[in-house]
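Before any comments, here is the structure.
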Amino acid sequence: MESQIDFFEWLEPDVALKILTCLDDAADLVRASAVSRYWQNIVVSNGLSKKLCMRTFPELATITRVVEPSHDNSGETERDHRVYASLSRAFTTFPLANCIANPVSASSTDRYPAESIINTMVPMNSFLRRGSYWSSRGSDDPETPETLVYNLTASFCVITEINLHPFQDLYDWGFPVYSSGFVRFRMGHPESWRELNYDFIEAQECADDKFIWTYTSPVYPMAQENLLQRFKLPEPVVCIGGYLQIELLGRVQKACDDKYYICVAHVQAIGRKLSPAFSVEFSEPPNDLSLKYDAEEFGSLLSTCGSVSRAKPSLRIAKNSGVLD
């Protein structure tokens, strides 16, 4: 019988490590670790799955420890390999859906509650025979910005694109569209979770300063059109903390009172909810961040992924939205 030789064992350890470090797909790393015990030792002992995750999603660098209750007695390197290899797989296989759960605050509201941010949760341009939208207060300055803050469906998710539908007033002459000139997005977590027990919407107060924004997108131009406009992020973003801020920059439409307004009919944040297989826990104050992994939930979610299709927007999407150079 012809003998088989593992050529990796003929290489210097640092050379073998450098070769495996060139792999940029988590699935390839998992396959490599299954070739032999020698290959597995290189992948696991050097934390290659974790390092690949960190290269792909720099936001993960804030995680200070990993918890896997079902494998409490395993070594740290083996545990990290399992968790980060599974996390990499979840980033690409868990189903896409609208990840917005609830509105948190608006920087201003013209007529509350008729024009509340709550209206932006409804995926249509009319509701009960009247306009369903959020409206800012009017401003004499077209440069006055506005912000909308939302809570996502999980404190740990990966967001790929954000969609906005500006409101068109079909009862005004010329059917004006009250879009902003540009838009920018931020994601992050609360400075203090205790402060979020307050109802900012009812109080008509802005909650922007209650959050630590760990990601800021480029600035995108908005079209002054009555349609759902898609803003794909340059790279998928891991949102740790579960909060999204939409910053609306510049006003382009005046109302009959000769003031500038911004109105939004609907908002979506398309991405992958990573819980309950993965969750994050903050200390108070949030300077210690734990990643918790549930292998049983991960396996259960994987088994159902094939039957879940991508959530499709119910309205036509603009094709000309791009990032400003």
Side-chain angles (χ1 to χ4, degrees), residues 1-95 154-158 160 214 235-240 272-283 287-306:
M1 185 175 179
E2 186 178 349
S3 61
Q4 296 181 349
I5 299 175
D6 186 347
F7 75 94
F8 255 38
E9 295 188 28
W10 290 62
L11 301 175
E12 292 292 330
D14 58 334
V15 176
L17 174 60
K18 190 168 185 178
I19 292 172
L20 289 177
T21 303
C22 291
L23 295 176
D24 59 2
D25 189 317
D28 291 337
L29 271 180
V30 172
R31 295 187 190 101
S33 66
V35 169
S36 68
R37 289 183 179 178
Y38 185 72
W39 287 43
Q40 183 184 59
N41 181 62
I42 296 174
V43 172
V44 175
S45 63
N46 289 282
L48 296 189
S49 292
K50 179 178 180 179
K51 290 176 181 177
L52 177 57
C53 261
M54 297 292 180
R55 289 203 307 270
T56 309
F57 296 100
E59 301 88 359
L60 297 174
T62 58
I63 293 172
T64 54
R65 65 191 185 101
V66 174
V67 178
E68 187 185 11
S70 59
H71 288 81
D72 281 339
N73 297 324
S74 63
E76 181 178 340
T77 54
E78 291 85 356
R79 180 203 62 207
D80 283 1
H81 172 68
R82 279 193 306 272
V83 173
Y84 283 101
S86 299
L87 184 57
S88 292
R89 191 172 181 187
F91 286 146
T92 57
T93 59
F94 280 16
S155 61
F156 194 44
C157 52
V158 57
T160 57
T214 56
E235 298 290 342
V237 176
V238 174
C239 179
I240 299 176
R272 305 179 196 272
K273 174 183 171 182
L274 300 174
S275 65
F278 300 90
S279 59
V280 291
E281 295 180 358
F282 289 85
S283 65
N287 54 10
D288 183 63
L289 178 61
S290 301
L291 171 63
K292 187 176 180 180
Y293 172 56
D294 189 320
E296 185 176 340
E297 289 286 356
F298 176 74
S300 176
L301 283 168
L302 276 187
S303 66
T304 61
C305 281

Measuring only between side-chain heavy atoms, which start at C-beta, is [X] closer than 4.5 Å to [Y]?
| X | Y | answer |
| --- | --- | --- |
| Leu291 | Arg65 | no |
| Val238 | Phe91 | yes |
| Leu274 | Leu87 | yes |
| Leu301 | Pro276 | yes |
| Asp80 | Thr77 | no |
| Leu289 | Ile240 | yes |
| Phe298 | Leu302 | yes |
| Tyr84 | Leu48 | no |

Give a yes or no answer on whether the side chain of [X] reaches the backbone of [Y] with a donor-acceptor pair at less than 3.5 Å.
| X | Y | value |
| --- | --- | --- |
| Asn41 | Arg37 | no |
| Lys51 | Asn46 | yes |
| Ser279 | Ser275 | no |

Worksheet item: Are there more than 12 heavy atoms of other residues, nucleotides or ligands under 6.0 Å from atom CZ of Arg55?
Response: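 Atom CZ in Arg55 is crowded, with more than 12 foreign heavy atoms closer than 6.0 Å.
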
Worksheet item: Is Glu296 atom CD crowded by more than 12 heavy atoms from other residues, nucleotides or ligands, each under 6.0 Å away?
Response: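 For Glu296, atom CD is not crowded (no more than 12 foreign heavy atoms under 6.0 Å).
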
Return the [atom1] to [atom2] distance between [X] and [Y], rounded to the nearest 0.5 Å.
| X | Y | atom1 | atom2 | result |
| --- | --- | --- | --- | --- |
| Ile63 | Ser290 | CD1 | OG | 9.0 Å |
| Arg89 | Ser49 | CZ | OG | 13.0 Å |
| Glu59 | Cys53 | CD | SG | 11.0 Å |
| Asp294 | Ser300 | CG | OG | 9.5 Å |

Practice prompt. Name the orientation class of the two ring planes belonging to Phe278 and Phe156 (parallel below 30°, tilted from 30 to 60°, perpendicular beyond 60°).
Written response: perpendicular

Worksheet entry | Exercise: identify the closest heavy-atom pair between Glu297 and Ala277 | CB-CA, 3.8 Å

Worksheet item: So which heavy atom on Ala90 is nearest to which on Arg272, and how close?
Response: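 In this case the closest contact between Ala90 and Arg272 is O-CD, 3.8 Å.
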
Discussion item. Checking His81 against Lys50 for the side chain to side chain contact (heavy atoms under 4.5 Å, CB included) test, could you report, in this order, the C-alpha distance in whole Å, the side-chain angles of both residues, the deciding distance, and whether it holds?
Written reply: CA-CA 7 Å; His81 172 68; Lys50 179 178 180 179; over 6 Å; no

For residues 13-22, run the donor-acceptor check on the side chains, cut-off 3.5 Å, and write out each pair with its distance to 0.1 Å, sequence neighbours left out.
unit_1 : atom_1 : unit_2 : atom_2 : d
Thr21  : OG1    : Leu17  : O      : 2.7

